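Taking it in order: structure first as structure tokens, then the write-up.
Keep in mind that the numbers below use all heavy atoms, side chains included, and drop hydrogens, waters and symmetry copies. In this text the structure is predicted, and so the values were computed from the model without any measurement.
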Amino acid sequence: NELERRVNSFLNANEYAYYSLFAIIGWRIYFLIKNVSLNKFILLSLYLLSASVSFFVALMIASRQVLILQIPILLFFFYLDFVKGKRNKSFAVILAIIIVIASPFVIHQYDNSYLATRSEVGFQEDARSDLIINAFDEGMANPILGIGLGANAHFSHSTYTHLLSRSGIPALIAFVLIIGKCIFEQWRRYIRLKQSRFLLYWGCLIIIAIGNFTYSYLSDPFLMPIMFAIIGCSETDYQRIRKGII
């Protein structure tokens, strides 16, 4: 229940949700930058393992973030690896069969979990909505410089409203432009080079941009560097491709 999640650090949704999310991003990007061509059955096994871990984490800590971030990016990665541009669709068929077989168990576990209860709560009734709204009001009351980075203010559950509150509208605009330019650049590189790896980077940055709505990345230093690590990997690959190294 909600009280247990607040007092028990082992049930903290943010910690486990983001560690598992970036672990999933991490293993796929690692093999990508190492230019490792995995056996398809091994790759499928990694996807199934990641999906199982995501579902387990979602149920254990009642994390809606896992549902809206991890599951979609897993499906997106799977589509790029097994479906897009592939003539052999056997792995997609195998996955479909596994999903059909596992569905009754998954649905039963979800229906009897606290996650299902939390998912029925609207934004206005969610406790984090107050944090986000308060931060937004603070930012709008101090639009130029905000209330200051070290201000003793309430935690905001969103990077965007956190920046608006602490540093004002100019900082928020700069941050949004940085993320937007990086996302656009991955798409431009994919269109130019027709390399699916840039779609992977694009998908990662899309998920991170959405993640910034659901949690304040500025509150946990390990979260933001992963975004810049993905950008760095993309830039390295782009330069290597242009030089004919890969």
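- Listed by chain and number, the residues in a side chain to side chain donor-acceptor pair (under 3.5 Å) with Ser234 are Gln186, Arg189 (sequence neighbours excluded).
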_Could you go through Thr161 and Phe213, starting from their C-alpha distance and side-chain angles, then the distance that decides it, and tell me whether this counts as side-chain contact (heavy atoms from CB on, under 4.5 Å)?_
CA-CA 8 Å; Thr161 52; Phe213 279 108; over 6 Å; no
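- Taking each heavy atom of Asn212 and Ser158 in turn, the nearest pair found is O-OG, 3.2 Å.
- In this structure, SG on Cys182 lies 6.5 Å from CG on Leu205, to the nearest 0.5 angstrom.
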_As a quick check of understanding, evaluate side-chain hydrogen bond (donor to acceptor under 3.5 Å, both in side chains) for Ser156 and Ser165, giving each step before the final call._
CA-CA 9 Å; Ser156 174; Ser165 168; over 6 Å; no
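- Ring geometry, Tyr47 versus Phe82: the interplanar angle exceeds 60°, so the pair is classed perpendicular (tilted spans 30 to 60°).
- Every salt bridge (charged side-chain N to carboxylate O under 4.0 Å, His left out) that Arg188 has, sequence neighbours left out, goes to Glu185.
- A heavy-atom distance below 4.5 Å is found between the side chains of Ile98 and Leu48.
- Taking CD1 of Ile169 as the reference point, atom CG of Leu163 lies at 12.0 Å (rounded to 0.5 Å).
- Note that the CG atom of Asn39 and the OG atom of Ser45 stand 8.5 Å from one another [nearest 0.5 Å].
- The closest side-chain heavy-atom distance from Leu164 to Met140 is below 4.5 Å.
- Other cluster members for Ile107: none, since no ILVMFWY side-chain heavy atom sits under 4.5 Å from it.
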*Step-by-step side-chain contact (heavy atoms from CB on, under 4.5 Å) determination, Ile29 to Cys204*: CA-CA 9 Å; Ile29 296 300; Cys204 289; 4.0 Å; yes
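- Inter-residue side-chain proximity for Leu74 and Ser54 is flagged as met; some heavy-atom pair is nearer than 4.5 Å.
- Taking the six-membered ring wherever Trp is involved, the centroid distance between the rings of Trp27 and Phe77 does not fall below 6.0 Å.
- In this structure the side chain of Tyr160 never reaches within 4.5 angstrom of the side chain of Phe136, judged on heavy atoms.
- By the side-chain contact (heavy atoms from CB on, under 4.5 Å) test, Ile191 is found to be paired with Trp187, Lys194, residues two or more places apart in sequence or in another chain being considered.
- Rounded to the nearest 0.5 Å, atoms CZ (Arg197) and CG (Leu32) are 4.5 Å apart.
- Hydrophobic clustering places Leu193 together with Tyr190 (ILVMFWY residues linked when any side-chain heavy atoms are closer than 4.5 Å, directly or through intermediates).
- Shown here are the ring-ring contact (aromatic ring centres under 6.0 Å, His included) partners of Phe76, two or more places apart in sequence or in another chain: Trp202.
- With rounding to the nearest 0.5 Å, the separation of CE in Met227 from CD1 in Ile231 is 4.5 Å.
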*asked:* If you apply the rule side-chain contact (heavy atoms from CB on, under 4.5 Å), what do you find for Tyr201 with Asp237, and how did you get there?
replied: CA-CA 11 Å; Tyr201 294 135; Asp237 279 351; 2.6 Å; yes
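- Results of the side-chain contact (heavy atoms from CB on, under 4.5 Å) test with Arg28 over Ile73, Leu80, Leu46, Asp81 single out Asp81 as the only residue that passes.
- With hydrogens and angles left out, the side-chain atoms of Tyr238 and Arg192 include a donor and acceptor closer than 3.5 Å.
- Tested against Val176, the residues Leu172, Ile179, Ile173 include a single side-chain contact (heavy atoms from CB on, under 4.5 Å) partner, Leu172.
- There is no path of hydrophobic side-chain contacts, each under 4.5 Å, that joins Ile226 to Ile178.
- Under a hydrophobic-cluster definition in which Ile, Leu, Val, Met, Phe, Trp and Tyr are linked whenever side-chain heavy atoms come within less than 4.5 Å, directly or via other members, Phe228 and Leu177 are assigned to the same cluster.
- Looking at residues two or more places apart in sequence or on another chain, you find no ring-ring contact (aromatic ring centres under 6.0 Å, His included) involving Phe184.
- For the atom pair Ile42 CD1 and Leu49 CG, the distance stands at 13.0 Å (nearest 0.5 Å).
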